[in-house]
Amino acid sequence: MTTMAKADLLETLRKRGFIEQTTHEEELARFFAEGPATGYIGFDPTADSLHVGHLVPILALAHMQRAGHRPIALVGGGTGLVGDPSGKTEMRKLLTLEDVERNAAGIRRQLSRFLDFEEDRALLLNNAAWLLDLRVIPFLRDIGRHFSVNRMIKAEGYRLRLETEEGLSFIEFNYMVLQAFDFLELCRRHDCRLQMGGRDQWGNIVAGVELIRRVEQKAAFGITFPLITTSSGEKMGKTARGAVWLDPARTSPYEYFQFWVNTDDRDVGRFLALFTFLPLEEIRAVETLEADGLNAAKTILAFEATALAHGREEAAAALSAARRLFGARDLPADLLPSSRVPRQEEAAQAEATPTRAIPRARFQSGIPAFRLIHEAGLAASGAAARRLIEQGGAYLNGRRIEAHDRLVTEADLDADGGLMLRGGKKRFCRVQAEPER
RNA sequence: GGUGGGGUUCCCGAGUGGCUAAAGGGAACAGACUGUAAAUCUGUCGGCGAAUGCCUACGGAGGUUCGAAUCCUCCCCCCACCA
């Protein structure tokens, strides 16, 4: 990458919607121009998978790397044992060391899809390395003395908690100090001078910037990202069944693809800028589209986002499955031309529709439709499946199921020994009869 | 440790002996309308192979009663003030 690209990073991030606030605007721009710069973002190991809500930070690191800088992803193996109170109204349950280690491993795997860790072009570190063995007294004397409690209790992250009944425990109160110390440690070890994070991290980031200036007399910078909400006001990335995960075992590539296709009209352009690498000039054209064109843009958004998280093949398979279930539509060649999405339906692709296997013998006696719907995962219980059918929302091979106790038999199986169930408008499940062994 | 307030179904929150599987709102799901969008309207919304049927449920364990989320006893947890 050229020096040009390095210098442009701040502008790129800004134009694509990544930036909420920065410290030292002009110095920061110079810092990038003089790069390569090293910057980091912390990830809490609260689960063994990251989810859609983490994409903004992940892609920010990826943009850094693409511009020729060096990103660090810091897994909070140490701070995860403490728990960040920022933006939380109640105290988090504390994680065990084993939890944290297992979760850190999952996160590492997922990040490597977005970042190139070869030859230290990006670093993946765990703050457990320097936090776990800290000694209290030296820490208080060397680091603690730089923090003013008067100022800390005014920080937004703490104020919320100080005002509620829940209160703030001492362990959480230390979080800011530890995170600031992380930044200092990264500065010392890797000359890292930039920390990015969500808007609720502003206080923690600034604390680190100031600590570095005080202790090392070096310039350090912070950037926060806006909280991404959907136009309907929801926090982005949540659906009925909870978070949309990056782990394919938790959220299948097909579901992941569907999540993006179902983007609100008003969000398509913004999300393309944030969650894909397609050029902004092309994305701008999307703003004026409506109906069909907009749906095509959502398809490309879904393809690109899925390809980033799960790879091109999985994305193509999900697209192919979606085309089969919802009807094929070719994508216009002049829409987002940089995308390598398959614009027309190609010959048979790998099956990406969720599939459920049922022993063939059960079809011989016949399976009540509501039971099958339940087993296929299209309803949470038998009663729910019954309701679904009563309300006319259940389909077998494209035809509405009229009675909840209708028997599904071998006569309903197609040439491949399977059948297609549908719940509501967009949930599908293929049921495959398993031959006897 | 003391005093007071509280723990209700996914969430918020009513309910203080039967009419309560439990008001109302939110979320969610389905149908209509559509563009796999939004908005709107209608319906559903503990489980059970049909039920005016059975089971489970109002922090936990017992008890009173024909009958308890509602009354009593003990215990656990949360919050506030005091120490």
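For the numbers below, each heavy atom of this structure counts, side chains included, while hydrogens, waters and symmetry mates do not. All chains are named by letter (A, B, ...) in the order of the sequence lines, taking the proteins before the strands, and each is independently numbered beginning at 1.
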>> Applying side-chain contact (heavy atoms from CB on, under 4.5 Å), can you list everything that pairs with A:Lys425, at least two apart in sequence or on another chain?
In response: none
> Between A:His63 and A:Phe277, does the ring centre distance come in under 6.0 Å?
Replying inline: yes
>> Could you tell me how far B:A69 sits from B:A22 if I compare only their P atoms? Round to whole Å.
In response: 13 Å
Sequence neighbours excluded and cut-off under 3.5 Å, please list the side-chain donor-acceptor pairs for residues 398-405 of chain A, or say none.
from: A:Arg400; atom 1: NE; to: A:Gly392; atom 2: O; distance (Å): 3.0
from: A:Arg400; atom 1: NH2; to: A:Gly392; atom 2: O; distance (Å): 3.3
from: A:Arg400; atom 1: NH2; to: A:Tyr395; atom 2: OH; distance (Å): 3.3

> Should the pair A:His54 and A:His51 be assigned to parallel (<30°), tilted (30 to 60°) or perpendicular (>60°) ring geometry?
Replying inline: tilted
> If the P atom of B:A21 is compared with that of B:C58, how far apart are they to the nearest Å?
Replying inline: 14 Å
> According to the interplanar angle, ranging from 0 to 90°, do the rings of A:His69 and A:Phe32 count as parallel (below 30°), tilted (30 to 60°) or perpendicular (above 60°)?
Replying inline: tilted
> When you match A:Ala394 and A:Asp265 each to their closest nucleotide on RNA chain B, which lands nearer the 5' end?
Replying inline: A:Ala394
>> On RNA chain B, does the nearest nucleotide to A:Lys425 precede the nearest nucleotide to A:Arg266 from the 5' side, or the other way round? Give the residue.
In response: A:Lys425
> Between A:Lys426 and B:A37, does any side-chain N or O lie under 4.0 Å from OP1 or OP2?
Replying inline: yes
> Centroid-to-centroid, A:Phe428 to A:Tyr254, below 6.0 Å?
Replying inline: no
>> Return a single string for nucleotides 43-55 of chain B, one symbol per nucleotide in 5' to 3' order, where B is base contact, S is sugar-phosphate-only contact and - is none, cutoff 4.0 angstrom on heavy atoms.
In response: BSS-SSBS-----
>> Would you measure the distance from the C1' atom in B:U16 across to the matching atom in B:A23 and give it in whole Å?
In response: 15 Å
